[in-house]
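Report on the structure given below.
If you're wondering where the values come from, they're calculated on a predicted model, not measured in any experiment. Ligands are counted one by one from 1 in listed order, and the atoms in each one are counted from 1 as well. Heavy atoms only: backbone and side chains are in, while hydrogens, waters and symmetry mates are out.
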Amino acid sequence: MHYIEQISINGEFVTPHGTERFDLYNPATARVTGQVRLADEVDAERAIAAAKAAFPAWARTTKQERIAALRRMQAAVAARHDDLLEAVIEEYSAPASRSAWMASYPAEVIAQAITALETFEFTAVAGAARVEMTPLGVAGLITPWNSDAGFICGKLAAALAAGCTAVIKPSEMSALQTQIVTEALHAADLPPGVFNIITGRGDRVGETISRHPDVAKISFTGSTQTGKAILRNAAENFTRVTLELGGKSPTLILDDADLDQAVSLAVQAGLMNSGQACVAGTRILVPLSRQAEMEQALARAIAAVKSGDPRDSTTEVGPMVSEKQWQRVQGYIRKGQEEGARLLAGGEGRPEGTRDGWFVRPTLFTDVHNQMAIARDEIFGPVLCMIPYRDEAEAIAIANDTDYGLSALVLGGDAERARRVAQQIQSGRVLVNTLAHEPQAPFGGFKHSGVGREMGAWGIRAFMEPKSLLG
Ligand code: NAD
């Protein structure tokens with residue numbers, strides 16, 4: 001059993017004022033594996049005060065000093081790779097390929113911020129004015145459970161690169177990862193107060209941070225619903241926000257697509273992180289003229305996906321993170337059938353060979369209409385919809401007929417045509433015949449998928465305000 005009893009404020013591990021204990025689970029066994037003592041509003045106030053006190057000195061550091069600090073941070077986090085890997089498997093039951101990425105990404109994302117900072121221009125000339133990019137102040141960084149260590153490191157590296165100090169509120173479900181990252185950050189020897197990490201409930205610690213007049217910026221990753229609450233709270237003090245929210249991403253297969261390649265990429269895009277990924281391509285748009293062959297190929301591919309023990313290297317889909325999420329996914333599988341969609345693979349219940357954990361059957365529906373709940377709502381599980389379209393114009397219209405706009409994938413034989421289609425999709429990111437990631441490019445969503453961008457120079461700029469000096 002893991003007992004996590006301390007939070008980090010002003011460079012020290014301290015016992016929280018909050019006394020509530022929160023159970024930690026292993027989703028593969030549905031058993032309690034530990035407890036974390038949660039911070040409360042008083043702890044949030046203390047953390048904000050520490051970050052505020054540390055801000056003036058950190059804001060005056062040079063680019064070289066910040067790069068040196070980020071390098072220490074990167075090395076310290078990289079040194080904890082094996083511990084992070086074990087924590088990710090225990091806390092989220094991520095299957096092998098995903099957990100390997102989740103353990104190495106936190107150090108990688110710091111390295112990416114260093115690269116962006118090295119060429120970042122802090123001043124510019126605009127006519128007669130000298131424009132200085134100025135750090136905003138204390139940043140509140142709020143992260144979701146589904147890549148907690150990566151989001152803590154990515155947001156903190158960008159905030160520090162900009163000259164901000166930070167109060168971090170990780171997901172309460174990620175205490176193991178958070179503990180490892182916090183220990184690594186202590187080992188990186190950053191000035192006291194520059195970062196503070198307080199695991200607590202969203203409606204207590206998260207609310208305190210997002211309403212606080214001494215917090216100048218919120219960078220949040222999580223659900224659209226929580227994003228709206230944060231935006232409302234932030235309005236009170238004109239707190240700047242970056243919101244990375246949910247998605248219902250389309251995978252648009254054009255009629256000239258190579259079947260094998262399209263099926264392989266569509267399945268990978270849809271089942272990423274066991275379907276619990278903001279960018280998951282959960283709406284697969286297929287041409288009516290090729291619907292039958294694509295149904296057959298996709299059904300075969302989804303039925304062959306192994307869902308089960310995350311420690312088995314052949315597993316591609318692990319369990320859902322919580323019982324609540326398991327119930328939610330089951331509910332949508334039922335709803336899809338009630339709405340008249342045709343089940344091609346998977347269905348309700350647990351996959352064969354699994355027992356107590358929150359395992360689900362990778363599920364594929366066809367004859368889905370874009371107005372059905374399974375096509376509109378972010379399910380956050382391995383439940384995919386095939387939506388037939390008549391022609392390219394209708395495909396683009398369906399792809400854009402969603403509240404979301406985080407990511408999209410276009411698959412086609414003629415790359416030029418696929419790119420033309422990609423340009424007409426309203427989404428922060430559109431991939432053409434690839435699932436590659438570009439860390440220097442901005443990442444974020446249109447519409448209800450968010451506000452603002454992270455990564456690269458965009459990510460650093462999001463923690464700054466331009467100041468024009470004249471005369
Ligand atoms: P969530 O919104 O429930 O929680 C995210 C964080 O917000 C947690 O730390 C939580 O404690 C906190 N929180 C909850 N209520 C709050 C409040 N009122 N004020 C302040 N903070 C509050 O999301 P989750 O279930 O942890 O994560 C899954 C969601 O995150 C999905 O919707 C997914 O699409 C989204 N997500 C988006 C991205 C992206 O980059 N766009 C990446 C990963 C996940």
Quick one: look up the protein heavy atom nearest [atom] and list residue, atom name and how far away it is.
| atom | value |
| --- | --- |
| atom 18 (N) of ligand 1 | Glu207 OE2, 3.0 Å |
| atom 28 (C) of ligand 1 | Phe380 CE2, 3.6 Å |
| atom 7 (O) of ligand 1 | Phe220 CE1, 3.2 Å |
| atom 1 (P) of ligand 1 | Ser223 OG, 3.7 Å |
| atom 24 (P) of ligand 1 | Trp145 CD1, 3.6 Å |
| atom 42 (C) of ligand 1 | Cys278 SG, 2.9 Å |
| atom 9 (O) of ligand 1 | Thr143 O, 2.7 Å |
| atom 41 (N) of ligand 1 | Leu245 O, 2.7 Å |

Please say whether more than 12 non-hydrogen atoms of neighbouring residues, nucleotides or ligands are located less than 6.0 Å from NE2 in His17.
no
Residue Glu438 excluded, over 12 heavy atoms near CD under 6.0 Å:
yes
What part of [X] sits under 4.0 Å from ligand 1 if we count only heavy atoms: the side chain, the backbone, both or neither?
| X | answer |
| --- | --- |
| Val279 | neither |
| Glu172 | side chain |
| Gln225 | neither |
| Pro170 | backbone |
| Ile230 | side chain |

Measure from NZ or CZ of Lys217 to the centre of the six-membered ring of Phe463 and say whether it is under 6.0 Å with the direction within 45° of the ring axis.
yes
Salt-bridge test for [X] and [Y]: reply yes if a basic N is under 4.0 Å from a carboxylate O, no otherwise.
| X | Y | value |
| --- | --- | --- |
| Lys306 | Asp312 | yes |
| Lys447 | Asp403 | no |
| Arg21 | Glu5 | yes |

Check ligand 1 against [X] and write out every atom of the ligand that is under 4.0 Å from a heavy-atom position of the residue.
| X | value |
| --- | --- |
| Glu244 | 37 (C), 38 (C), 39 (C), 40 (O), 41 (N) |
| Gly206 | 19 (N), 20 (C), 21 (N) |
| Phe443 | 40 (O) |
| Leu406 | 41 (N) |

Keeping Asn196 on the side-chain end and Ala166 on the backbone end, is there a donor-acceptor pair under 3.5 Å?
yes
Tell me whether atom 4 (O) of ligand 1 lies less than 4.0 Å from at least one protein heavy-atom position.
no
For Arg201 and ligand 1, does the shortest N/O to N/O distance drop below 3.5 Å?
no
May I ask whether Ala277 places a heavy atom under 4.0 Å from ligand 1?
no
4.0 Å heavy-atom contact, Ser171 with ligand 1:
yes
Does one side chain, of [X] or [Y], offer a donor that lies under 3.5 Å from an acceptor on the other?
| X | Y | value |
| --- | --- | --- |
| Gln179 | His2 | no |
| Asp377 | Tyr332 | yes |
| Ser174 | Tyr92 | yes |
| Gln112 | Glu108 | no |

Which option wins on minimum heavy-atom distance to atom 35 (C) of ligand 1: Pro144, Gly246, Gly150, Gly222?
Gly222
Heavy atom to atom 14 (C) of ligand 1, shortest distance: which of Thr226, Thr224, Asn146 holds it?
Thr226
Among Glu207, Glu41, Glu20, whose salt bridge (charged side-chain N to carboxylate O under 4.0 Å, His left out) with Arg201 holds?
Glu20
For Leu435, the side chain to side chain contact (heavy atoms under 4.5 Å, CB included) test, sequence neighbours excluded, returns Leu265, Gln268, Ala269, Leu409, Leu431
Thr143 and its side chain to side chain contact (heavy atoms under 4.5 Å, CB included) partner, picked from Ile152, Leu156, Thr221, Thr178
Ile152
